[in-house]
There are 2 protein chains.
Amino acid sequence: MNARSLSESMAHKVERQLRGDILTLALPPGARISEQEIGERYGSSRQPGREALIALAKSRLVEILPQRGAVVARISVAKLMQAAFIRETIETAVVKAACNAFHFHARTRISDCLRAQEEAAESGDRAAFRRGDDLFHKTLAEGAGLPMAWSVVEDLKAHIDRACCLSLHAPHTLSKLVAEHHAIVAAIDRRDEGAAMTAMNAHLSELLHDLPKLEAQHPDLFE
Amino acid sequence: MNARSLSESMAHKVERQLRGDILTLALPPGARISEQEIGERYGSSRQPGREALIALAKSRLVEILPQRGAVVARISVAKLMQAAFIRETIETAVVKAACNAFHFHARTRISDCLRAQEEAAESGDRAAFRRGDDLFHKTLAEGAGLPMAWSVVEDLKAHIDRACCLSLHAPHTLSKLVAEHHAIVAAIDRRDEGAAMTAMNAHLSELLHDLPKLEAQHPDLFE
DNA sequence: GTGTCGACACTTCCATACAATTTTGGCAGA
DNA sequence: TCTGCCAAAATTGTATGGAAGTGTCGACAC
């Protein structure tokens, strides 16, 4: 009945799926969730559900109200802007470091990654595109010798992505994002610190442009 | 028998104490710890111990080996340098932001904080000094309108502090650190971005000077 | 209509039992 | 002495029962 032996524990599986459902807004911000409910939803008992909630509370994707329950964290404009700022700070430092030294092996993976993203952009596969985006930024950090930077950014990015899911899904944005990735890589290849940092800033700061509009559109999802 | 009603859950208490013991090296890097053992050590059953391990694994202070157990994370020079770099990046951005706008209320708390640290430095109370140091950096982030920056730095700082515990405890360093704090605040008061950032960088980069020596002295605690 | 009290439902939190897996240690045999 | 194997011990991962905390809702007094 269970498949623990197949390498992943139930608790991790539940955590991963729950995180996915929260990130895609399948579970909307503000939704109440109980251990029991989570367990049933993903086919386990309460215990793995509880552990998933504890884990996600650490990344602040759910808020645990002691003795009462848990809710999917609402989107906070203030926190979102802070997360964006901190992410920008870190990733700018990463590309700067990348200009000084970039691991050869990571450079080839970056190219693979860009190609994959181009395909995803053309076919409009947003899920694949997002995976590619994560991989791009992750590989960039690894190439710069700062893999830990990605693990820090990853948590921040989760919150930002959740807001992005609300944003209108204009099809042309995907290819635009790919173009920005290319610009960043090109600057790194030229070892042009200034251009690389500028390109990264431009890439990251676009996401927050229509935040006020989103809040007006979905007031119940915000704090 | 239990004291759950008195505001803090057993699991949180165990997590807090375990974190403390790991940070002060009472539990040395590399030590194996089982859920059972943790529970008994802090007076609970396995369950809170397990939850504490899961929580600390998120901050990478313990490493969970699936189906096998957990060990206190060894100190990794590479990770330490990355953590220091990322911390420096974030905190530099924080003081820069602080130069543009600093909340009045936080400014007065900073002064309190500096006074408390002076006292701790004189009496040589390292535990109190560390608490004051955390509070200083936390208040700085809050004053700059970036409280989230502290929550990110906090996790990075844990690893750095653990290495600092190994370092020789020369008594004069404490007052030196306080002086550096004063320099940072003075630069912020003058709204002198460059000086503030330089002061913060100097403050943070000293910690890693004798890292090679430490590794030679305690090879078993490192990766 | 307003406020208070108590039963009740719901949930977490902790303890514990059980299942699955890994490690350990011993022992037989070459 | 070394190797291979098996059983016991230790440990995690999961399920579940029960205690305790919290909020809801209706009855009832005023």
Side-chain angles (χ1 to χ4, degrees), chain A residues 1-19 21-22 27-74 220, chain B residues 1-19 21-22 27-74 220:
Chain A
M1 171 161 161
N2 78 35
R4 263 164 60 196
S5 46
L6 303 181
S7 81
E8 193 183 24
S9 78
M10 210 46 158
H12 279 90
K13 199 190 303 184
V14 171
E15 179 190 342
R16 192 168 40 75
Q17 295 182 349
L18 179 55
R19 164 175 269 120
D21 284 347
I22 291 177
L27 281 171
R32 287 202 68 213
I33 45 182
S34 75
E35 298 171 357
Q36 180 89 46
E37 187 187 340
I38 297 298
E40 284 168 11
R41 182 178 177 118
Y42 303 109
S44 77
S45 69
R46 279 161 33 206
Q47 178 69 14
R50 175 176 175 80
E51 291 182 7
L53 286 179
I54 292 174
L56 294 182
K58 279 278 165 193
S59 0
R60 313 214 186 224
L61 284 174
V62 310
E63 186 177 356
I64 292 179
L65 313 169
Q67 305 288 359
R68 305 206 283 119
V71 299
V72 178
R74 289 179 196 275
D220 49 319
Chain B
M1 173 163 164
N2 78 35
R4 266 162 59 195
S5 46
L6 304 180
S7 81
E8 193 185 23
S9 79
M10 209 51 168
H12 278 90
K13 199 190 305 186
V14 172
E15 179 191 341
R16 190 168 42 75
Q17 295 183 350
L18 179 56
R19 166 175 267 122
D21 284 348
I22 291 177
L27 282 170
R32 285 202 67 211
I33 45 182
S34 76
E35 297 171 357
Q36 182 85 45
E37 186 188 340
I38 296 298
E40 285 169 8
R41 182 179 176 118
Y42 304 109
S44 76
S45 70
R46 256 185 71 202
Q47 178 69 15
R50 176 176 175 80
E51 292 181 9
L53 285 179
I54 292 174
L56 294 182
K58 282 276 167 193
S59 337
R60 313 212 186 227
L61 284 174
V62 311
E63 188 177 355
I64 291 178
L65 313 168
Q67 304 283 6
R68 305 206 288 119
V71 298
V72 178
R74 288 181 197 273
D220 50 318

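Sequence lines set the chain letters: A, B, ... in the order given, protein chains first and strands last, and positions in each chain run from 1. Remember, predicted model here, so these are calculated numbers, not experimental data.
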Starting at atom CD of E51(A), determine the distance to atom C1' of dG13(D), rounded to an integer number of angstrom.
8 Å

One pair to check against side chain to side chain contact (heavy atoms under 4.5 Å, CB included): I64(A) and V71(A). What are the steps and the verdict?
CA-CA 7 Å; I64(A) 292 179; V71(A) 299; over 6 Å; no

Take atom CD of E8(A) and atom P of dG13(D), then tell me their distance rounded to the nearest Å.
12 Å

S34(B) and R46(B): side-chain donor and acceptor closer than 3.5 Å?
no

From CD of E40(A) over to P of dT11(C), roughly how many Å is that when rounded to an integer?
10 Å

Interatomic distance where CZ belongs to R50(B) and P belongs to dA15(D) [whole Å]
11 Å

Go through dC14(C), dT14(D), dT12(C) for me and flag the one nearest to the S34(A) side chain.
dT12(C)

Are any of R46(B)'s side-chain N or O atoms less than 4.0 Å away from OP1 or OP2 of dT16(C)?
no

R68(A) side chain near dC10(C) phosphate (N/O to OP1/OP2, under 4.0 Å):
no

State whether the side chain of R74(B) and the backbone N or O of D220(B) hold a donor-acceptor pair below 3.5 Å, judged by distance alone.
yes

Is it true that, when you exclude Q17(A) itself, more than 12 heavy atoms of the residues, nucleotides or ligands shown sit nearer than 6.0 Å to its CD?
yes

Please determine if R41(A) and E37(A) form a salt bridge, counting it only when a charged side-chain N lies under 4.0 Å from a carboxylate O.
no

In terms of side-chain heavy atoms of P66(B), which of dA15(C), dT14(D), dG13(D) is nearest?
dG13(D)

Please state how far atom CD in Q47(B) lies from atom P in dT16(D), giving the value in whole angstrom units.
15 Å

From the candidates dC13(C), dT16(C), dT22(C), the one with an atom nearest any side-chain atom of S45(B) is dT16(C)

Rounded to whole Å, please give me the gap between CD in Q67(A) and P in dC10(C).
17 Å

Choosing from dT11(D), dA15(C), dT12(C), which nucleotide comes nearest the side chain of R32(B)?
dT11(D)

Find the distance E35(B):CD to dT16(C):C1' and express it as a whole number of Å.
13 Å

Separation of dT11(C) atom P from I38(A) atom CD1, nearest Å, is 12 Å

